[in-house]
Amino acid sequence: MTVHNYPEPCAPKYQKPSTVDACLNQAMLLVKKEHGRAAMGPVRKGDHILIVTLPDQDENVRGAVTQALLQEGAESVDFIYEHELTGMEPKIYRVEEGWKEAETVEKEPWNMSGSSFYSDLGEPLRKHLKDHPEYTGVFYGLGGRGHLRFQLREHANKFRGCWVLNNWEEFMSKAWTYPDELWRKIEEKILKYLGRAAAVRITDPEGTHLEYPVSQEEAKRWELTAGRPGHIFLDIFQSTTEENAVTPVSPEVP
């Protein structure tokens, strides 16, 4: 029997901030960042920012982000909850209920953008932006930035990024403030090796073993298309689609 020497699961321990000031340094770093899912820069002078958040928004994080954006030049910063836009009661899931996301895939396979609470905020958010033309930038959704921008239709130019900073633990993560330049250099090195791949092998301690060959053409396409801001697609079938291959996106694209 194979013996695997994997390290025990671990996670960094962060202290819960009790004041706005305790969050301010992290917020200032984030509003200056231009790459990554939690980046909020660049801030344009006179910006009117709208942030669509979730029911568990930490108030100290909210205060620090508001202050940081204003210091960077924004004119105003407003927060609004998703359920205020949709008129629906927020759905609160426990961690052990994460499997319920699969129900969304089954019932609405065409509609996987937005947050885990509402699969499509596009229509109510577009209406809100139409009613409030003063907003120059909006943050919303948990992932899939291309899809989120598409949902905004005529307001797509106002999309600044996702909003994943509702809880303090996510906000305080040092991963969000890792230097962009170093992050990109590391990813570029990984992508280069994908272009040399001859096979894919996937294993885990419980006995999974999947293996298949990769042609030179597929490997090169993988190298060109696997990089996405904040992601590297290590599933060759996800990254080497015809659409991605036509317009390669490097890790430097925000």
Side-chain angles (χ1 to χ4, degrees), residues 17 20-54 57-58 60-80 113-115 121-122 125-126 128-130 132-168 170-188 191 227-232 247-254:
V20 169
D21 285 345
C23 299
L24 194 53
N25 182 62
Q26 180 80 339
M28 289 302 300
L29 291 172
L30 289 170
V31 300
K32 294 177 184 295
K33 279 182 68 70
E34 299 183 21
H35 305 284
R37 201 152 55 96
M40 289 183 280
V43 181
R44 301 161 191 164
K45 189 171 180 59
D47 262 339
H48 293 269
I49 302 296
L50 177 67
I51 296 174
V52 183
T53 189
L54 300 173
Q57 178 64 57
D58 184 280
N60 291 320
V61 171
R62 173 175 178 161
V65 167
T66 299
Q67 187 173 329
L69 287 168
L70 293 175
Q71 284 184 216
E72 278 295 290
E75 184 74 21
S76 68
V77 181
D78 295 325
F79 281 72
I80 188 170
S113 302
S115 81
L121 280 170
L125 181 52
R126 289 195 301 273
H128 190 75
L129 291 173
K130 181 180 180 181
H132 298 274
E134 69 274 15
Y135 288 121
T136 58
V138 58
F139 294 87
Y140 85 107
L142 299 179
R145 282 166 285 180
H147 298 291
L148 295 173
R149 186 181 286 107
F150 176 75
Q151 281 188 357
L152 292 182
R153 305 294 196 275
E154 67 273 20
H155 303 286
N157 64 313
K158 297 180 179 180
F159 181 73
R160 297 289 178 88
C162 298
W163 182 250
V164 297
L165 305 177
N166 46 295
N167 68 73
W168 71 268
E170 191 81 65
F171 172 80
M172 296 300 290
S173 173
K174 295 185 184 301
W176 297 130
T177 53
Y178 197 76
D180 287 332
E181 295 79 10
L182 182 54
W183 193 317
R184 288 200 298 269
K185 287 298 182 185
I186 293 171
E187 291 191 340
E188 286 170 6
L191 293 171
R228 287 292 182 274
H231 303 276
I232 291 183
T247 311
V249 180
S250 78
E252 298 187 12
V253 176

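Predicted model, so just to flag it, every value in this text is computed and none were measured.
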[X]: partners by side chain to side chain contact (heavy atoms under 4.5 Å, CB included), with sequence neighbours left out:
X: Glu154; result: Arg126
X: Thr53; result: Gln57, Phe79, Tyr81, Trp163, Asn166
X: Ala22; result: Pro17, Thr19

* **Gap between atom CD of Glu188 and atom CH2 of Trp183 - 0.5 Å precision** =>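 One gets 14.0 Å once the value is rounded to the nearest 0.5 Å.
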
* Output the distance between atom OG1 (Thr177) and atom CE (Met172), rounded to the nearest 0.5 Å. =>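 Reported to 0.5 Å precision, the distance equals 9.5 Å.
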
* I would like to know whether Ile80 and Ile51 meet side chain to side chain contact (heavy atoms under 4.5 Å, CB included); could you show each step before the answer? => CA-CA 6 Å; Ile80 188 170; Ile51 296 174; over 6 Å; no

Name all residues meeting the side chain to side chain donor-acceptor pair (under 3.5 Å) criterion together with [X]; count only those two or more places apart in sequence or in a different chain, and write none if there are none.
X: Asn60; result: none
X: His155; result: none
X: Asn25; result: none
X: Lys32; result: Glu72

* Quick one: side-chain hydrogen bond (donor to acceptor under 3.5 Å, both in side chains) pairs with a partner in residues 61-70, sequence neighbours left out? ->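 For residues 61-70, and leaving out neighbouring residues, the side-chain hydrogen bond (donor to acceptor under 3.5 Å, both in side chains) pairs sorted by first residue read Gln67-Gln71.
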
* To do: Evaluate the criterion side chain to side chain contact (heavy atoms under 4.5 Å, CB included) for residue pair Val65 and Leu30; output intermediate values, then yes/no.
  => CA-CA 9 Å; Val65 167; Leu30 289 170; 5.9 Å; no

* **Which residues share a salt bridge (charged side-chain N to carboxylate O under 4.0 Å, His left out) with Lys33, sequence neighbours left out** =>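 Asp180.
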
Sequence neighbours excluded and cut-off under 3.5 Å, please list the side-chain donor-acceptor pairs for residues 40-50, or say none.
residue, atom, partner, partner atom, Å
Asp47, OD1, Thr136, OG1, 2.7
Asp47, OD1, Arg160, NH2, 2.9
Asp47, OD2, Arg44, N, 2.8
Asp47, OD2, Arg160, NH1, 2.9
Asp47, OD2, Arg160, NH2, 3.2
His48, ND1, Ser76, OG, 2.7

* Non-hydrogen atoms of Pro133 and Lys158 that approach each other most closely ->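 Closest heavy-atom pair between Pro133 and Lys158: O-NZ, 3.9 Å.
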
* Atom of Ala27, atom of Ala64 and distance for their closest heavy-atom approach ->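 For Ala27 versus Ala64, the nearest heavy atoms are CB-O, 3.6 Å.
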
Donor-acceptor pair, side chain of [X] and main chain of [Y], under 3.5 angstrom:
X: Tyr140; Y: Leu148; answer: yes
X: Arg37; Y: Leu142; answer: yes
X: Trp176; Y: Leu165; answer: no

* Output, in order, the C-alpha distance, side-chain angles, deciding distance and verdict of side chain to side chain contact (heavy atoms under 4.5 Å, CB included) for Arg184 and His35. => CA-CA 10 Å; Arg184 288 200 298 269; His35 305 284; 3.1 Å; yes

* His128: what forms a ring-ring contact (aromatic ring centres under 6.0 Å, His included) with it, not counting sequence neighbours? ->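 Result, ring-ring contact (aromatic ring centres under 6.0 Å, His included) vs His128: His132.
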
* To do: List in chain and number order the residues that pass ring-ring contact (aromatic ring centres under 6.0 Å, His included) with Phe139, two or more places apart in sequence or in another chain; answer none if no residue qualifies.
  =>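 Checked Phe139 against ring-ring contact (aromatic ring centres under 6.0 Å, His included); zero matches.
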
* Asked: Stepwise, does the side chain to side chain contact (heavy atoms under 4.5 Å, CB included) test hold for Phe159 with Gln151?
  -> CA-CA 10 Å; Phe159 181 73; Gln151 281 188 357; over 6 Å; no

